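Throughout, a chain's letter reflects where its sequence line sits, starting with A, and its residues are numbered from 1. Keep in mind that what you see is a predicted model, and the values were worked out from it rather than measured.
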2 protein chains.
Amino acid sequence: MDDIDRTLVLRLQQDAGQSYAALGTAVGLSAGATHERVRKLRERGVIRRTTIDVDPAAVGSGVLAYVMVDSNAWMGESGDDFAAIPEIQEAHIIAGSASVLVKVRTASTEQLQDVLRRLYAIDGVSGTHATVVLETFFERPLPL
Amino acid sequence: MDDIDRTLVLRLQQDAGQSYAALGTAVGLSAGATHERVRKLRERGVIRRTTIDVDPAAVGSGVLAYVMVDSNAWMGESGDDFAAIPEIQEAHIIAGSASVLVKVRTASTEQLQDVLRRLYAIDGVSGTHATVVLETFFERPLPL
DNA sequence: GCAGGTTGCCGAATTTTGTTCGGTCTGAGG
DNA sequence: CCTCAGACCGAACAAAATTCGGCAACCTGC
């Protein structure tokens, strides 16, 4: 993981569709060597997958909210319960007064309410506190 | 935006590296027609870009925290101030007692503390409340 | 009902890129 | 000094992206 690898990761974050030739030029390597570098980055798990960035509003998920989930039991094994709710985009165990923090995207506030209902149905969940996002300043890739 | 488009977006989220031929087979179209569909999805902004998913821990961002930022002024024009802190991955204006919610990734809790210091330096920021993530259950693409 | 225009698709031609491979260079370890 | 492993280059080869002519379905306004 040297500077070249970091540059490659950075450039691929910005545009994963560019050619290995262009990528190689940017770091001073041939297309073949660049290909090999990227292959190893995948192999090592630094690059998990190549994907696309989708406009949430364009696919019917215009409402974004973060929900603090309170519980009266150990939630460490409940990952699958949260994963079963498709509107949940992220779920984390957190330190602090709440137990779990989830990121939810829905088409409407009515659907958000329905997600809250389904959260309550999970074993151990004793309460929720939803924070609705009014405007997103930005969402961007990791720093390097 | 019909079912075919939705399937294309879904499949590309899972693997943006597959060929148009494979993609076309999955939806019952030729490679050429598939290419044209995807081109239009980009043109319309449904697909914003193609990127890679990077393991945060592998690039020195093993600590994840969400920070509620309190303010005593209108923060609607302060997006650039937050964007100037590279460790901030997301920043949103929120409804509720706090004004802004930011997602922060750092290499250590010391660096997290330094980010909090820089947050306080932003005009109008009157307080912060950081929530450290202990374990991430999952982070996944948008529901289709 | 139909002429003209539009859209979406196919399939093949063409160009560009991905992928593989032999050979060279360099640095580490013995 | 010798040998091995790793990284790179450049060229050859395979595969994919991209373009394009032609066809059919579908509007739309006469």
Side-chain angles (χ1 to χ4, degrees), chain A residues 1-62 86 107 139-144, chain B residues 1-62 86 107 139-144:
Chain A
M1 199 61 195
D2 57 11
D3 276 323
I4 292 182
D5 282 337
R6 261 182 293 277
T7 303
L8 290 177
V9 168
L10 183 65
R11 297 229 166 210
L12 285 172
Q13 278 184 332
Q14 294 162 352
D15 176 12
Q18 68 193 295
S19 70
Y20 286 110
L23 215 45
T25 300
V27 297
L29 289 180
S30 70
T34 304
H35 184 269
E36 180 66 8
R37 287 255 190 178
V38 174
R39 192 191 62 72
K40 284 181 180 168
L41 284 168
R42 288 183 197 284
E43 188 181 74
R44 277 183 258 153
V46 176
I47 296 176
R48 289 170 167 162
R49 63 173 167 178
T50 101
T51 182
I52 55 174
D53 214 12
V54 175
D55 178 9
V59 295
S61 294
E139 293 182 278
R140 63 187 180 191
L142 289 172
L144 279 184
Chain B
M1 201 57 195
D2 57 10
D3 276 324
I4 292 181
D5 282 336
R6 261 183 292 278
T7 303
L8 291 177
V9 168
L10 183 65
R11 296 230 167 208
L12 286 172
Q13 278 183 331
Q14 294 162 352
D15 176 11
Q18 67 194 291
S19 71
Y20 286 111
L23 215 44
T25 300
V27 296
L29 288 181
S30 71
T34 305
H35 184 270
E36 179 66 9
R37 286 256 190 178
V38 174
R39 192 191 64 71
K40 285 182 179 167
L41 284 168
R42 289 183 197 284
E43 188 180 74
R44 277 184 258 153
V46 177
I47 296 176
R48 288 171 167 161
R49 64 173 167 182
T50 99
T51 182
I52 55 173
D53 214 13
V54 175
D55 178 7
V59 293
S61 295
E139 292 182 280
R140 63 186 179 191
L142 289 171
L144 123 149

What's the separation between atom CD1 in B:I47 and atom CG in B:L12, rounded to the nearest 0.5 Å? 5.5 Å
Taken to the nearest 0.5 Å, the spacing of B:R44 CZ from B:R39 CZ works out to 10.0 Å
Distance check needed: D:dA7 P versus A:I4 CD1, whole Å only. 11 Å
What is the distance from CD of A:E36 to P of C:dT19, rounded to the nearest Å? 12 Å
Check every strand shown and say whether B:G24 touches a base, only sugar-phosphate, or nothing at a heavy-atom separation below 4.0 Å. nothing
Detail all sub-3.5 Å separations between protein N/O atoms and N/O atoms belonging to nucleotides 14-21 of chain D.
unit_1: D:dA17; atom_1: OP2; unit_2: B:Y20; atom_2: N; d: 2.9
unit_1: D:dT18; atom_1: OP2; unit_2: B:H35; atom_2: NE2; d: 2.7
unit_1: D:dT18; atom_1: O5'; unit_2: B:H35; atom_2: NE2; d: 3.4

Does B:K40 form a salt bridge (charged side-chain N to carboxylate O under 4.0 Å, His left out) with B:E43? I'd like the steps, not just the answer. CA-CA 5 Å; B:K40 285 182 179 167; B:E43 188 180 74; over 6 Å; no
Do the side chains of A:D5 and A:R37 get close enough for a salt bridge, i.e. N-O under 4.0 angstrom? yes
If you only use heavy atoms from C-beta on, which nucleotide in D:dC8, C:dG8, C:dC9 is closest to the side chain of B:K40? C:dG8
State whether the side chain of B:Q13 and the backbone N or O of A:V54 hold a donor-acceptor pair below 3.5 Å, judged by distance alone. no
Separation of B:D5 atom CG from C:dT7 atom P, in whole Å? 15 Å
Can you confirm whether B:M1 sits close enough to B:L41 that some side-chain heavy atom of one is under 4.5 Å from a side-chain heavy atom of the other? yes
Where A:D55 and B:G45 come nearest, the two heavy atoms and their spacing: CB-O, 3.3 Å
Is it the case that atom CZ in A:R49 sees more than 12 heavy atoms from other parts of the structure closer than 6.0 Å? yes
Write down the distance between CG (B:D2) and P (D:dC26), rounded to a whole number of angstrom. 14 Å
Length of the CZ-P vector between A:R37 and C:dT19, whole Å: 18 Å
For the helix from C:dG1-D:dC30 to C:dG30-D:dC1, what angle lies between the axis at the first five pairs and the axis at the last five pairs, to 10 degrees? 40°
